[in-house]
Colleague: 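If you scroll down you'll find the structure; I have some questions about it.
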Amino acid sequence: MDLSSAAGTHVGLIRPQNEDSYHCSHPLYVVADGLGGHAAGEVASALVVDRLREITLAQDTSAEQAQEQLAEAVRDANRRIHRSATEDPEHAGMGTTVTAAVAVGDMLCFAHVGDSRGYLFRDGGLERITEDHTPVQRAVRAGVISDEEAVRHPSRH
């Protein structure tokens, strides 16, 4: 099922340039948000989406095998981003978030890095299924600040 017409991104309220990339066609669904304020965020987000699009699933691929392919693709994309950032001075410091799902039968396999959230829509409600990888979220998890304090924290995302 191709849901690409149901997907989109928005530049947001702060940055002048949209650095997002996505792919939304069965069995792969991915969104990558290039880190705004850093060099070449749009390059990093495109690199991760392009690498994840290389995933191929055979008819008999198990959920475990798909999960490992997804994890390895994210690791490989990270290596590609790091290499590009090292080799090209215009890409120095670039980065991206990524949240991806691969559908295998009635299962979804997830990969998540950063603060682009993944949600499950079921029975008319949304349930967040990822946890942000941010300093503020680490502070909440450690009990240093509360969820309510995190909402107002100056370093929140």
Side-chain angles (χ1 to χ4, degrees), residues 3 6-24 27-53 55 63-64 66-104 107-157:
L3 297 175
T9 67
H10 188 277
V11 69
L13 302 174
I14 297 173
R15 305 283 180 215
Q17 177 179 334
N18 189 340
E19 298 183 344
D20 303 341
S21 296
Y22 66 91
H23 176 82
C24 191
L28 176 66
Y29 306 91
V30 57
V31 63
D33 182 2
L35 301 183
H38 296 268
E42 73 284 358
V43 174
S45 68
L47 275 170
V48 73
V49 170
D50 288 346
R51 174 56 184 94
L52 292 178
R53 291 182 68 189
I55 293 172
E64 293 80 15
Q67 183 66 52
E68 182 51 40
Q69 281 190 49
L70 183 58
E72 179 51 36
V74 170
R75 288 189 292 266
D76 186 51
N78 184 58
R79 289 187 290 269
R80 291 179 186 191
I81 290 167
H82 179 75
R83 183 173 40 250
S84 180
T86 302
E87 294 173 355
D88 186 338
E90 291 184 11
H91 295 172
M94 75 176 176
T96 187
T97 68
V98 62
T99 299
V102 173
V104 180
M107 303 283 292
L108 280 177
C109 303
F110 281 91
H112 167 69
V113 178
D115 63 354
S116 291
R117 294 178 174 174
Y119 292 86
L120 177 63
F121 181 71
R122 178 172 41 194
D123 298 327
L126 283 177
E127 175 187 353
R128 192 167 105 191
I129 58 173
T130 59
E131 184 174 288
D132 294 352
H133 301 127
T134 64
V136 172
Q137 184 59 46
R138 281 193 294 276
V140 169
R141 199 171 43 250
V144 175
I145 64 173
S146 69
D147 285 328
E148 294 77 28
E149 290 171 310
V151 171
R152 296 182 305 279
H153 195 280
S155 296
R156 71 188 180 280
H157 290 254

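In this chain, residues are counted from 1 in sequence order. Owing to the predicted nature of the structure, the values given are computational and were not obtained by experimental measurement. Scope of the values below: all heavy atoms of this structure, side chains included, with no hydrogens, waters or symmetry mates.
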Colleague: Quick one: closest heavy-atom pair of E19 and G41, and the distance?
Modeller: OE1-CA, 3.5 Å
Colleague: Run the side-chain contact (heavy atoms from CB on, under 4.5 Å) test against A71 and tell me which residues pass, sequence neighbours left out.
Modeller: R75
Colleague: To check you understand the geometry: which heavy-atom pair defines the closest contact between S45 and G34, and what is its length?
Modeller: CB-N, 3.8 Å
Colleague: Over all heavy atoms of both residues, which pair between H23 and V49 is shortest? Give the atoms and the distance, please.
Modeller: CB-CG1, 3.9 Å
Colleague: Using the rule given for side-chain contact (heavy atoms from CB on, under 4.5 Å), can you reason through D20 versus Y22, listing the C-alpha separation, both sets of side-chain angles and the distance that settles it, and then say yes or no?
Modeller: CA-CA 7 Å; D20 303 341; Y22 66 91; 5.8 Å; no
Colleague: For the pair S84 (side chain) and I81 (backbone), establish whether a donor and an acceptor sit closer than 3.5 Å, ignoring hydrogens and angles.
Modeller: no
Colleague: Under a 4.0 Å N-O cut-off, is there an ion pair linking R51 with E72?
Modeller: no
Colleague: Tell me if a side-chain donor or acceptor on T96 pairs with a main-chain N or O of D33 at a distance below 3.5 Å.
Modeller: yes
Colleague: Please assess L47 against M94 for the test side-chain contact (heavy atoms from CB on, under 4.5 Å), listing each intermediate value before the final yes or no.
Modeller: CA-CA 11 Å; L47 275 170; M94 75 176 176; 3.8 Å; yes
Colleague: Quick one: closest heavy-atom pair of A66 and C109, and the distance?
Modeller: CB-SG, 4.0 Å
Colleague: Could you pull out all donor-acceptor pairs under 3.5 Å where a side-chain atom in residues 123-131 meets a protein atom, sequence neighbours excluded?
Modeller:
residue, atom, partner, partner atom, Å
R128, NE, T130, O, 3.0
T130, OG1, G118, N, 2.9
E131, OE2, R141, NH1, 2.1

Colleague: Are any side-chain N or O atoms of S116 and backbone N or O atoms of T99, one a donor and one an acceptor, separated by less than 3.5 Å?
Modeller: no
Colleague: Between I145 and H153, does the side-chain contact (heavy atoms from CB on, under 4.5 Å) criterion hold? Intermediate values first, please.
Modeller: CA-CA 9 Å; I145 64 173; H153 195 280; 4.1 Å; yes
Colleague: Can you run down the ring pair (Phe, Tyr, Trp, His ring centres under 6.0 Å) pairs that involve residues 125-146, sequence neighbours left out, and say none if there aren't any?
Modeller: H112-H133
Colleague: Taking T86 for the side chain and H82 for the main chain, is one N or O donor matched with an acceptor at less than 3.5 Å?
Modeller: yes
Colleague: At their closest point, which heavy atom of S146 faces which heavy atom of E149, and how far apart are they?
Modeller: N-OE1, 2.7 Å
Colleague: Assess whether side-chain contact (heavy atoms from CB on, under 4.5 Å) is satisfied between R53 and L28, documenting all intermediate values.
Modeller: CA-CA 7 Å; R53 291 182 68 189; L28 176 66; 4.2 Å; yes
Colleague: What pair of heavy atoms forms the shortest contact from A100 to L52, and how long is it?
Modeller: CB-CD1, 3.9 Å
Colleague: Would a 4.5 Å heavy-atom cut-off, applied to side chains only, mark V48 and V113 as touching?
Modeller: no
